[in-house]
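Below is one structure; the comments refer to it alone.
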Amino acid sequence: MRVSRMMLVTLRDVPADAEIVSHQLLLRAGYIKRVTSGIYAYLPLMLRVLQKINSIVREEINATGALETLLPQLQPAELWEKTGRWNSYTAGEGIMFHLKDRQGRKLGIGPTHEEIITTIAKETIHSYKQLPVILYQIQSKFRDEIRPRFGLMRSREFIMKDAYSFHSNEDDLGKTYTCMDIAYKKIFSRCGLKTVPVDADSGAIGGAASQEFMATAEAGEDLIMISSNRDYAANQEKAISIPKRPKPLPTGNTSIINTPNQSTIDELCSSNKFDPSQIIKVIIFIAKEENGGLQPLLISLRGDQKLNEVKIVNTLHNKLGINVIDLYPITIDEIRNQGLCEFPFGYLGPDLDDKYLLGAKTWKNKFLRIADHTATKLKLFICGSNKENHHVTHMSWDKLGGIPLSVDIRKAEVGDLCVHDQTQTLSSIRGIEVGHIFQLGRKYSDSLDAKYTNESGGQESFWMGCYGIGISRLAQAVIEQNHDENGIIWPISIAPYEIIISIANTKDKTQTKLGEELYNKLIKLGIEVLLDDRKERAGVKFKDADLLGIPWRIVVGREAEFNKIELFERSSRNTTLMIVDDAIKKLSSEIPSKRS
RNA sequence: CGGGAUGUGGCGCAGUUUGGUAGCGCACUUCGUUCGGGACGAAGGGGCCGCAGGUUCGAAUCCUGUCAUCCCGACCA
């Protein structure tokens, strides 16, 4: 392709809207154009990158035995109602774009495709003999993100590869899950992306085992907790660790103490020489349930621990079968709006009476009481007395009327010891989520009544897995990891072009002629080559070539008359003066070997 | 949605406090001189100053409303 013909417009100034380097470079080098918030046009150069990524993804996913499909983006509400996701995906700040057609039928614009694919599987797969089946597609997905940002990193329309697998038993699902794990690692490494697999929360999609692939980058939105030897890594939402040992409370009798103006852990500790680990703090949240119910939660935590809200949502779902669509701390205004008397905030105890909720307008009038393991393990502790300005020391769970539901709802912190290996400590790094694999189990097949006939003639729900890769996000993540002050440095495997020939002076006939010859020869060799034939000064062409990030550059310049060119490698910035034929030889052996 | 900020040619910005009818750099066009790391000079083209009302003889500038964009939080490939 000739640069003079490719609608290339590069920007010298950094667009004001772009915050992170990869986004700035995509805009400056003319790869993408913003159309509206979170919605981008992929310009010709970008499309080539995406197509390269797609073909790597296709190769590796096809190799797992998966079949490519293309599913509709417009999806009927009924399917989403069956899985119970229509409300949570559309109501309030729902993430699904949705609309009504002219007959008034409700449709959603696909943020994901479990409903569709499971329905298709249900209608197509009737016997265990047809299993397992893996289906996938690569196409645009739509999510009405609360806050789109960072260009393609979090956009509202984005390209995703999503695969879904169907199995007759859990073991088989596990096998495919492992295959995908391996395929994903190959894909990311072929794309030149450094990733860390982490244990993940399975979020709104639901399910059992789940792993995220994080591209490590300072600009990443996710915090990853990782052990020193990298054996363990988890999303902060899911991370577990060994909490520090509590400082035992010296023996003593249960007694109420005066604690005026000591409504925080800090104040309480500094005034009474307590250690935060000797205290139980109590927090009240409201869990908004899928069916609209508002359940007050009375949560007990050890004073030195922090609450992990995601773990609470999961606990409610997994242990109590409550599907929570929103979780938020209560406020004084809300208590008033409920028509209730004020709570003794700052002095709450785990035994706060349900009578505080009597007469609530929309809240349920019984607390759901849960506590973190670190709290329930304390034999003796200090806690609020449910009376302003008073705490209780040497309290025990017995005296409080028993131990509430004991679960892990604390945040793992940097410096904690790891559960898998107590010689390791946790530290944190930032990452960009580029892939996610789940073992869904039978959640969707059950709710959509997707069954097949098993060996003994009975009906059974499919075991399912789902596996996503954010294609457009991945492309940008690669830039985040591969750039310098001059621009992008594409790995050759996904570069839009492999070589750019810069003719230093287009008025020089010798240079132009040699450039054109070289261009044609390289094309014949099957190399993807750009010819910068623009009537620009050499400096402009060099700057643009660096900015675009093409892995190799050939400069046809002063030495053209001696049949020599300069070969420049973008990543190392090494330049070699070479005879033309030697350069061709070198490139035609080197480039194909590094494409993989 | 809550908190913060900004909207002025394609991009980056000044002008707004103290109303007088729009300017700078980059990019674009033409000519000349240059010609290996974003050249220089000269001459040009392009903007109803986000939009709608209002105040005023007169509004980019003041007032009201509205829309959009970006940043911080919840969301997620």
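Heavy-atom basis, side chains included; hydrogens, waters and symmetry copies ignored. So you know, we letter chains A, B, ... as the sequences are listed, proteins then strands, and number each from 1. The shown structure was predicted, so the numbers you read here are calculated from the model rather than taken from an experiment.
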Report the base-pairing partner of [N] (Watson-Crick or G-U wobble, both distances below 3.5 angstrom), or none.
N       : value
rC31(B) : rG41(B)
rC48(B) : none
rU69(B) : rA5(B)
rU55(B) : none
rC75(B) : none
rC11(B) : rG25(B)
rU16(B) : none
rG36(B) : none

Query raised in the report: Just wondering, more than 12 heavy atoms not from K564(A) lying within 6.0 Å of its NZ?
Result: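 Atom NZ in K564(A) is not packed in, count stays at 12 or less.
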Atom-to-atom span, [atom1] of [X] to [atom2] of [N] - whole angstrom:
X       : N       : atom1 : atom2 : value
I146(A) : rC75(B) : CD1   : C1'   : 4 Å
L327(A) : rA74(B) : CG    : C1'   : 11 Å
M96(A)  : rC76(B) : CE    : P     : 14 Å
R154(A) : rC76(B) : CZ    : P     : 8 Å
K141(A) : rC75(B) : NZ    : C1'   : 17 Å
F150(A) : rC72(B) : CZ    : C1'   : 10 Å
R34(A)  : rG7(B)  : CZ    : P     : 15 Å
R147(A) : rC1(B)  : CZ    : P     : 15 Å

Report task. Could you tell me whether a side-chain N or O of R570(A) sits under 3.5 Å from a main-chain N or O of I488(A), the two making a donor and an acceptor? Result ->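 It does hold such a pair.
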Report task. Just call it for S155(A): base, sugar-phosphate, or nothing, with non-hydrogen atoms closer than 4.0 Å on any strand. Result ->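 Base contact.
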**Report entry** Touch class at under 4.0 angstrom, heavy-atom based, for V434(A) against every strand present
**Finding:**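 Contact class for V434(A): sugar-phosphate only.
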Query raised in the report: In Å and rounded to the nearest 0.5 Å, what is the CG to OG1 distance from D533(A) to T506(A)?
Result: 8.0 Å
Query raised in the report: Once you round to the nearest 0.5 Å, how far does OH of Y136(A) lie from CD1 of I61(A)?
Result: 7.0 Å
Query - Closest-nucleotide ordering on RNA chain B, the 5'-leading residue of F158(A) and P15(A) - result: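 The residue closer to the strand's 5' end, by nearest nucleotide, is P15(A).
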Report task. Take G435(A) and Q511(A), find for each the nucleotide of RNA chain B with the closest heavy atom, and name the residue whose nucleotide sits nearer the 5' end. Result ->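 By nearest-heavy-atom nucleotide position, the 5'-most residue is Q511(A).
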Side-chain donor-acceptor pairs of residues 16-29 of chain A under 3.5 Å, sequence neighbours excluded:
{"from": "S22(A)", "atom 1": "OG", "to": "Q476(A)", "atom 2": "NE2", "distance (Å)": "2.9"}
{"from": "S22(A)", "atom 1": "OG", "to": "E480(A)", "atom 2": "OE1", "distance (Å)": "2.5"}
{"from": "H23(A)", "atom 1": "ND1", "to": "G151(A)", "atom 2": "N", "distance (Å)": "3.4"}
{"from": "H23(A)", "atom 1": "NE2", "to": "Y40(A)", "atom 2": "OH", "distance (Å)": "3.4"}
{"from": "Q24(A)", "atom 1": "NE2", "to": "A18(A)", "atom 2": "O", "distance (Å)": "3.2"}
{"from": "Q24(A)", "atom 1": "NE2", "to": "E19(A)", "atom 2": "O", "distance (Å)": "3.4"}
{"from": "R28(A)", "atom 1": "NE", "to": "L11(A)", "atom 2": "O", "distance (Å)": "2.9"}

Quantified in whole Å, what is the [atom1] atom distance between nucleotide [N] and nucleotide [M]?
N       : M       : atom1 : value
rC11(B) : rG65(B) : P     : 29 Å
rC63(B) : rU56(B) : P     : 16 Å
rU30(B) : rG46(B) : C1'   : 15 Å
rU69(B) : rG12(B) : C1'   : 16 Å

**Report entry** Side-chain donor/acceptor of N486(A) to base of rG37(B), under 3.5 Å
**Finding:**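 Check fails, no donor-acceptor contact within cut-off.
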Query raised in the report: Any idea which of rC75(B), rG12(B), rA27(B) is nearest the D13(A) side chain?
Result: rG12(B)
Report task. Between rG37(B), rC28(B), rG36(B), spot the one nearest the side chain of R573(A), thanks. Result -> rG37(B)
Query - Polar side chain donor-acceptor pair, E561(A) to T510(A), under 3.5 angstrom - result: no
Requested in this report: Can you see which heavy atom on F158(A) is nearest to which on S155(A), and at what distance?
Outcome: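 Closest approach of F158(A) to S155(A), heavy atoms only: CB-OG, 3.5 Å.
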